[in-house]
Amino acid sequence: MSDNKKMMKKYTVMWVIIALVYGLWMTFVMSWDKYPYIIPTSDDLLLSAEDFIAKFDGMLYEPMYANATVYWLWVIGSTILLFAYALFIKKILFAEKLTKLTTGFCVLNLIAGFAFITWYGFLSFPEQFGNILTDVTASMLGLKYPLYYKIWGVLSSVSIFTNVLYMYRKNNYYSKAGIIITSLGCAALFVTINVPSAGLELIMTPRCLGHWASALIFAFFGAAGVIIFLFHKVKEKDKKYIVATVAFIIILAVMLVLLVTVGKSAFIENLPMWVAYILLFTINFTSFFDKKQIKE
């Protein structure tokens with residue numbers, strides 16, 4: 001029990017630092033974000049796909065915030081939410097037992113996350129961007145739908161984080177590396193949703209690099225938290241988990257191949273997310289992976 005309290009203190013300190021750094025970054029670096037935006041005219045909408053993207057890629061289709069008050073409300077709210085991640089660890093991972101309230105919270109946010117990222121991924125940006133299956137990324141959608149983009153990020157982060165914790169707790173598995181990596185990955189998404197697609201003309205700027213770096217950290221660290229658990233189960237020679245691990249890795253490999261060969265899109269980005277959601281739901285809330293008790 002004392003060891004758990006020590007670890008809980010360390011995780012709490014980690015999340016307090018993350019939340020404070022984020023709050024300071026939003027206050028002094030982003031500081032009432034004045035990223036330029038342009039609302040296309042009717043003539044702009046007649047441009048070719050190439051010309052339209054060249055002109056508007058990286059520009060917000062509509063203002064990210066209505067005014068400074070809205071911005072600061074978001075800064076305060078999102079910072080408080082990051083502090084709450086330490087509470088998630090305490091109530092899920094280190095709880096004496098998983099209560100119905102905890103289970104209900106985790107299953108509901110998992111379902112909500114799956115439903116929202118699916119709906120969001122098929123929203124349409126101006127038709128000039130082409131096929132939504134191959135040309136429109138989640139971040140590009142954020143240019144037109146900044147509020148939905150933030151909801152997408154918050155739901156994705158919270159649902160993945162809490163359900164990875166639930167998966168660990170349900171299986172009495174405690175990986176410091178898994179918890180820290182998942183924490184950093186889910187925290188990184190809060191950076192991603194504050195710096196949407198930077199645009200081709202802003203490549204190699206701090207904003208663009210911040211967007212790419214945080215998005216990649218979420219993608220790889222979020223998956224790593226799940227893979228660490230799966231590898232633990234593989235070592236136990238559990239056949240179902242071996243199949244699940246191979247399938248999950250194949251999906252990740254397919255996504256990387258598609259990103260290189262086809263290009264990035266919300267649909268391609270969602271592939272590993274869908275698989276992760278389905279896998280987490282199956283492990284956490286069904287008996288499919290549970291070991292059968294041998295009757296004497």
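Ring centroids of Tyr166 and Phe285 are separated by less than 6.0 Å, placing the two rings close together. Ring pair Trp15/Phe161: centre-to-centre distance below 6.0 Å. If you look at Phe105 and Phe88, their ring centroids are closer than 6.0 Å. Ring centroid separation for the pair Tyr120 and Tyr148 does not come in under the 6.0 Å cut-off.
Interatomic distance, Met167 CE to Leu279 CG, rounded to the nearest 0.5 Å: 7.0 Å. Atom-to-atom distance recorded for Asn109:CG and Ser157:OG is 10.5 Å, nearest 0.5 angstrom. The line from OG of Ser175 to CD1 of Ile180 is 8.5 Å long, rounded to the nearest 0.5 Å. The distance from the CD1 atom of Ile181 to the SG atom of Cys186 is 12.0 Å, given to the nearest 0.5 Å. Within the model, atoms OG1 of Thr162 and CG of Leu110 stand 7.5 Å from one another, a figure rounded to the nearest 0.5 Å. If you take CZ on Arg169 and CG on Asn171, they are separated by 10.5 Å, rounding to the nearest 0.5 Å.
In terms of hydrophobic clustering, with Ile, Leu, Val, Met, Phe, Trp and Tyr side chains grouped at heavy-atom distances under 4.5 Å, Ile89 and Tyr174 are assigned to a common cluster. Hydrophobic clustering (side-chain heavy atoms under 4.5 Å, transitive across Ile, Leu, Val, Met, Phe, Trp, Tyr) keeps Leu252 apart from Val243. Following chains of ILVMFWY side-chain contacts shorter than 4.5 Å, one cannot reach Leu87 starting from Met8, and the two form parts of different hydrophobic clusters. Tracing side-chain contacts under 4.5 Å through hydrophobic residues (I, L, V, M, F, W, Y), one never reaches Val21 starting from Ile18; they form parts of separate clusters. Residue Ile80 is not grouped with residue Trp25 when hydrophobic side chains (ILVMFWY) are merged at heavy-atom distances under 4.5 angstrom, including chains of intermediate members.
Considering every non-hydrogen atom in both Gly153 and Leu189, the closest pair reads O-CD2, 3.2 Å. Residue Lys170 comes nearest to Ile283 through the heavy atom pair NZ-O, 2.7 Å, listed as atom of the first residue, atom of the second, then distance. Between Leu82 and Ala19 the shortest heavy-atom distance is CB-CB, 3.8 Å. Between Phe248 and Pro272 the shortest heavy-atom distance is CE1-O, 4.1 Å. Here the closest non-hydrogen pair linking Thr282 and Ile278 is OG1-O, 2.7 Å. Taking every heavy atom of both residues into account, Ala112 and Leu155 meet most closely at O-CD1, 4.0 Å.
In terms of modelled atom types and a separation under 3.5 Å, the side chain of Asp238 and the main chain of Lys240 share a donor-acceptor contact. No donor-acceptor distance shorter than 3.5 angstrom exists from the side chain of Thr102 to the backbone of Leu98, with no hydrogens or angles considered. Without hydrogens or angle criteria, Lys233 side chain to Tyr241 main chain gives no donor-acceptor distance under 3.5 Å. In this structure, the side chain of Ser214 does not engage the main chain of Val191 through any donor-acceptor pair within 3.5 Å. Panel note: side chain Ser78, backbone Val75; a donor-acceptor pair is recorded below 3.5 Å. Checking side-chain atoms of Ser159 against main-chain N and O of Ser156 turns up a donor-acceptor pair under 3.5 Å.
Between Tyr149 and Trp152, the ring-plane angle classifies as parallel under the 30° and 60° cut-offs. By the 30° and 60° cut-offs, the orientation of the rings of Trp74 relative to Phe190 is parallel.
Looking at Ile251 and Trp274, their side chains never come closer than 4.5 Å, going by heavy atoms from C-beta outward. Side-chain contact check for Val275 versus Leu271: every heavy-atom pair is 4.5 Å or farther apart. Using a 4.5 Å heavy-atom threshold, the side chains of Phe221 and Thr182 count as separate. Between Tyr173 and Ile228 there is a side-chain heavy-atom pair separated by less than 4.5 Å. Counting heavy atoms from C-beta outward, Val29 and Leu24 have side chains that stay 4.5 Å or more apart.
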Q: Would you check, one step at a time, whether the test side-chain contact (heavy atoms from CB on, under 4.5 Å) holds for Ile117 with Tyr277?
A: CA-CA 11 Å; Ile117 70 162; Tyr277 275 120; 3.5 Å; yes

Q) Can you list the steps and then say if Thr245 with Ile227 is a side-chain contact (heavy atoms from CB on, under 4.5 Å)? A) CA-CA 7 Å; Thr245 303; Ile227 291 175; 5.6 Å; no

Q | Test side-chain contact (heavy atoms from CB on, under 4.5 Å) applied to Cys106 and Asn284, step by step | A | CA-CA 9 Å; Cys106 289; Asn284 291 350; 6.0 Å; no

Q. Where do Trp72 and Thr27 land on the side-chain contact (heavy atoms from CB on, under 4.5 Å) test, with the steps shown first?
A. CA-CA 8 Å; Trp72 291 115; Thr27 299; 3.8 Å; yes

Q: Walk me through it: do Ser183 and Tyr11 pass the test side-chain hydrogen bond (donor to acceptor under 3.5 Å, both in side chains)?
A: CA-CA 9 Å; Ser183 294; Tyr11 293 137; over 6 Å; no

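For the 3.5 Å distance criterion, the side chains of Tyr22 and Asn194 qualify, holding a donor opposite an acceptor.
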